[in-house]
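Below is one structure, written out as structure tokens, with a few remarks after it.
Because the structure is predicted, anything quoted here is derived from the model rather than measured. When reading the values below, keep in mind they use all heavy atoms of this one structure, side chains included, and skip hydrogens, waters and symmetry mates. In what follows, chains are A, B, ... by sequence order, proteins preceding strands, each numbered from 1.
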Amino acid sequence: MSITESDKDVRITTPADVCGMGHRMKRKEDPRFIQGAGHYVDDIKLPGMLYLDIVRSPHAHAKILNIDASAALALPGVLAVITGQDLKAAGNLHMMPTLMSDTQMVLPIEKVVYYAQEVCAVVATSRYIAADAVELVKVDYEPLPAVVDPFQALKDEVIVREDKEKKSNHVWHWETGNKDATDEVFSRSSKVVKQKMHIPRIHVSSIETCGMVADWDKINEHMTIYMTSQAPHAHRTVVSLVSGIPEHKIRVISPDIGGGFGGKVPVYPGYVCTIVASLVTGKPVKWIEDRSENLQADSFARDYHIDAELAADANGKITGLRVKTLADDGAADAAANPSKFPAGLYSIGTGSYDMEAAHFEVDAAYTTKPPGGVAYRCSFRVTEAVHMIERMTDIMAHDLGQDPAEFRMKNFIKKEQFPYHSPTGWDYDSGDYHRALRLAMDLIGYEDLRKEQAEKRQRGELMGIGISSFTEIVGAGPSKDFDILGIKMFDSCEIRIHPTGSAIVRIGVQTQGQGHETTFAQIVAEELGLPASAITVEHGDTDTAPYGLGTYASRSTPTAGAAAAVAARKIRDKARKIAAYLLEANEEDLEWDVNKFMVKGSPTRAKTIQEIAFAAYTNFPQGMEAGMEAVNYYDPPNLTFPFGSYICVVDIDKGTGEVKVRRFVAVDDCGNIINPLIVEGQIHGGLTMGLAPALFEEIVYDENGQNLSGTFMDYLLPTSMETPKWELGKTVTPSPHHPIGAKGVGESPTVGAPPAIANAVVDALWHLGVRHLEIPITPPKIWKILRDNGIDED
Amino acid sequence: MIPGKFEYFAPSSVKEAIGLLDRYGEDAKILAGGQSLIPAMRFRLAQPEILVDINRIEGLDYIRELDDYLAIGAMTREASLEKSALISQRYPLLADTAKVIADPLVRNMATVGGNLAHADPANDHPATMLAYDATLVAEGPDGDTIIGIDDFFLGLFETSLAKDQILKEIRLPKPGPGSGGAYLKIERKVGDYAVVGVAIQLTVENGTVTAARIGLTNVAGAPMRAKNAEAALIGNAPTGDILEKAGQAAAAECEPWSDLRGSEEYKRDMVRIVTKRAIRKAVERVGA
Amino acid sequence: MGRTVKLTVNGQEVSREVEPRLLLVHFIREDLNLTGTHIGCDTTSCGACTINMDGKAVKSCTIFAVQADGRSIETIEGMAQNGLHPLQEGFWEKHGLQCGYCTPGMIMCANAFLKENPQPTEEEIRWAISGNLCRCTGYVKIVEAIQYAANKIQAQAAQPSETKEVVA
């Protein structure tokens, strides 16, 4: 079945030669990628460039007794070995702030606090010599007990961060919602279900690892940084604050990025070492991570230990939600969240359901694991929230003996309730949850599948159907609440129309594969009627792009996408004035039609945007500024709330416990669609990154804090063989507050898919008394249940 | 991940290669397909001082059916096995195996000889060759030696090859009447080493198993045969209880350990399940 | 320690002196400046470094440059001849790429595959690319891109080329 080609709900107002919103435009950026001419950080080669490599800790927790770099320094081609002491002497650069206002080591002075932690950096004339030198650095350690379990950590028997004033592994406590009201609701609700669950530590693993080339120009005291960055401006500001180099003397260039997914938001020690190495040597220095370094030391995602309770009345109407959570922060709170939200947007966890009250409490603990808490393609902890509520909803439905689809329909926030104020304080902008679920059920043939399942169960076969009806919260965010290190989370767009009617659009967000060079051109084409093919989109160079907070959390379209539309409308306002002048008409008598202003009632009296653009430089009204450009820093009035309903069918092998995803239908609603082709690609990719943690991926530590899944041989990215052929459907519910009615889509599927898969597996096993399975749901976990229940293959 | 330094030789004959092995002894390592060795060198888990690249030696890459046996040159790439019509028609156990080794690109470089000589119990060919009762031909300074597969694997990464011997050829008995075989592997994803793998080659005459050999992948410190499972099959009809007995025997005699692929208990049970399935498949092929 | 290697790269003879331990992928990227071939892992798992060597798709991070002596290799940079190769066209038409990092490896893998199997099924395509990881696309559109190319190549083969017509 091919559902993907149906564009019937997609709004198109421009002809194909303009190619505004809604067109399946082939991507403008692709010619370079398909011909091997993409330009990634590791492709940069500068004259005299040096290479940096990093010595890493073989212990999760250990005192550093001595670092002997003499043999490394004696190796021909080795220029420097940088230690924590060197950084300290250079102005306390051995520590750096995290995005959550915690601190983290760049290089250690006294002890290491996670396995594979950076211990010192080696600088050499080639990649190969640097690698040899790493082998020659001798570090003496005195191992300390690892702190692997965050619950154990809270007992404070071993303190991870002795450098901090507070000698405790408890990092913070945060709560939201109304505790008393929630307790009251629970006390009078006839049905309460409880479940503990762990959303395990995973890793984004973009196929390109992280890296940097830092190029210090001694003469001009100017630093050029090429960096795998999802947020080049924010990184420029951080570099300036940490290094003391004035911000105008720093240029951050984020060239083509080989996937980000949140992993290229944080500042890693390797970046700081590379900058220092360039400052010290006066030469350009390159650092490119290995995959093992990337998996073992870069920011993780998730790692939430959740204890949830869901209440319902006798009729099966959800009344309240109570959630306690322990976040395993690793050795620093280095999450990439907005400052006021230590647990991100986790409180979206009431999900798609109307309920009276909710209360969320989250505590965070230090452990001897790498710091992080980045997204893994999700908007600040929404995946954890959605997994929790969609699992709880399913447990409640099954417990009540109700069909999970019917139960959801009964409890959904109704279309007429939007804008909906949630019990945790969010104002959902729009939604039509019933329609999306009904469509998903129709596409997959839900009722027939339930019949098939019943028949199979009679025969002892194991088949499950799982639903997830998620609500996302993206587009951070409104400046009253959202900032990172104090910088408000607006985003920006600058448009210049050239005299001959082509244009350059510069944006503050940074593509890592999302297709910005195409979609932003389409937004501007939609607004101005210039062909998208005549619009260059530029980003990723802090010297030229307007300041922005970057691309993550599905925020590009909600923020910079809006900025592009608003900036284009400013240009259209000016164009109206010029057109009126050229047509010798009153501005009020003109109307806009795709790409021209015409005099109402006389369509032949018209000026195209190209004619107007030329006039803006050649023939404009007296007193008007020449040129045609505009900039907008867009401060969104609210977040956007994409949603969807996913249905998954699994078959379980009774002999081995292997799960086969037979079908997976995803109905997404991301508001108005800029480019259906790109949206489909985003959803396919997001679903695959939802499948991955549901069934395959997990970063596992042993009791000594050693990472057991530090290569692609044990950190299991799905291949083409494990990934099902995704089936897509869509509804379109435009955002009422967004200038083009769009909402963002990149992360919805990552957020929505895991519980659909988990629910399907649990559904297949519910009759055996299974209420919950921790993700990743691997065959051994299912096998145990099967054998405990006396089920074998024959 | 950068390999350490080494000196490189690319001999053009087996004799020349043996001379190098003889000269450098423990310091030398043979580079065949390199798909296990080079990653190990990148992690510096292997740091040979001398690398003897045998890819330039002509005449080690062939698949030939002779009167008595199938001869496979040690440098035959896995992809050649996978794509050989002869093998897929007459040696289904080997065809099954070649298809599930690593991934299609690795199979374009990886060699059957390298897979065996590495003696990694996680590799797939050892179990298969044990099941086939293969014979290996190795050449050393004193000429050719014929090694029965049962005498080849001594332990983890350890074989009976002398330091100056090179594996040249693998010989499989030609399939007789009533014979069939299969290799089944459970893997966490495509390209993974086996959670467990079971190779079986058997002969069924008049509904009774008259010969059977079973090899197991990645469930012991060295490649192993499931001899008790073989015994459970031989002399019996390969159905119902007998399959279960064979599976249980294999599960009991293997020596797996707990790791990310599963607990010891899980792996034993998977050996039981996969053994049964592999026998069924092999028996089906007897019929076909 | 240097050894001279001579090989054909995208139809051109090249000769360089290399350290024996130099990985072919680094030789291609650093010595030849053909940076379309990428590196994504250390364990021969991801396939970002896939090239064609003597017509076969191989992972260039798990081959030493010295092993390529005397051989012929093809990289993504050699694919477009008189316009885009049908595979390149297919990836563009079908949105078979997002960040573009795995794309050259995918294309080179598919290039060798389609020569062996010009009319593959979806399952066969999925099997063929199972040694190449993509983190962005979920593979659906990559499969469509390869199908597109297979059809295009078939159509081209079925039609006598213009040159042939002139000769006839």
>> Taking the basic N atoms (NZ, or NE/NH1/NH2) and the acidic carboxylate oxygens, is any pair closer than 4.0 Å for B:Arg277 and A:Asp653?
In response: yes
> Does A:Trp783 reach the side chain of B:Met270, with side-chain heavy atoms less than 4.5 Å apart?
Replying inline: yes
> For A:Ser720, is it the side chain, the backbone, both, or neither that has a heavy atom closer than 4.5 Å to a heavy atom of chain B?
Replying inline: neither
>> Is any side-chain heavy atom of A:Ser292 closer than 4.5 Å to one of B:Met1?
In response: yes
>> Would you say that more than 12 heavy atoms from the other residues, nucleotides or ligands in this model lie under 6.0 Å from the NZ of A:Lys781, or not?
In response: yes
>> Can you tell me how far apart CZ (A:Phe696) and CG (B:Asp192) are? Round to the nearest 0.5 Å.
In response: 10.5 Å
> Say you draw a straight line from CD1 of B:Ile2 to CG of A:Asp290; how long is it, rounded to the nearest 0.5 Å?
Replying inline: 7.0 Å
>> What part of A:Tyr128 gets within 4.5 angstrom of chain B, counting heavy atoms only: side chain, backbone, both, or neither?
In response: both
> Can you find a pair of side-chain heavy atoms, one from A:Asp132 and one from B:Lys5, that are under 4.5 Å apart?
Replying inline: yes
>> Counting C-beta onward and ignoring hydrogens, is there a side-chain heavy-atom pair between B:Asp259 and A:Leu708 closer than 4.5 Å?
In response: no
> For chain A, which of B:Arg280, B:Glu244, B:Lys267 has the most heavy-atom pairs under 4.5 Å?
Replying inline: B:Arg280
>> Would you say that more than 12 heavy atoms from the other residues, nucleotides or ligands in this model lie under 6.0 Å from the CD of B:Glu265, or not?
In response: no
> Can a salt bridge be assigned to the pair B:Arg188 and A:Asp714 using a cut-off of 4.0 Å between side-chain N and carboxylate O?
Replying inline: yes
>> For a salt bridge (charged side-chain N to carboxylate O under 4.0 Å, His left out) check, start with the C-alpha distance between B:Asp269 and A:Lys784, then their side-chain angles and the critical distance, and finish with the verdict.
In response: CA-CA 10 Å; B:Asp269 200 43; A:Lys784 180 148 192 352; over 6 Å; no
> Among A:Glu658, A:Arg291, A:Arg787, A:Met721, which residue forms the greatest number of heavy-atom pairs with chain B at distances under 4.5 Å?
Replying inline: A:Arg787
> Among A:Val134, A:Thr719, A:Thr656, A:Asp53, which residue forms the greatest number of heavy-atom pairs with chain B at distances under 4.5 Å?
Replying inline: A:Thr656
> Non-hydrogen atoms of chain B under 4.5 Å away: do they reach the side chain of A:Asp702, the backbone, both or neither?
Replying inline: neither
> Which bit of A:Glu698 is near chain B, if near means a heavy-atom gap under 4.5 Å: side chain, backbone, both or neither?
Replying inline: neither
> Do you know which two heavy atoms are closest between B:Gly262 and A:Pro780, and how far apart they sit?
Replying inline: CA-CG, 4.1 Å
> Can you say whether B:Arg42 sits under 4.5 Å from chain A via the side chain, the backbone, both, or neither, judging by heavy atoms?
Replying inline: neither
> Are any of the side-chain heavy atoms of B:Lys276 and A:Glu793 separated by less than 4.5 Å?
Replying inline: yes
> Does the side chain of A:Leu695 reach to within under 4.5 Å of the side chain of B:Lys189, using non-hydrogen atoms?
Replying inline: no
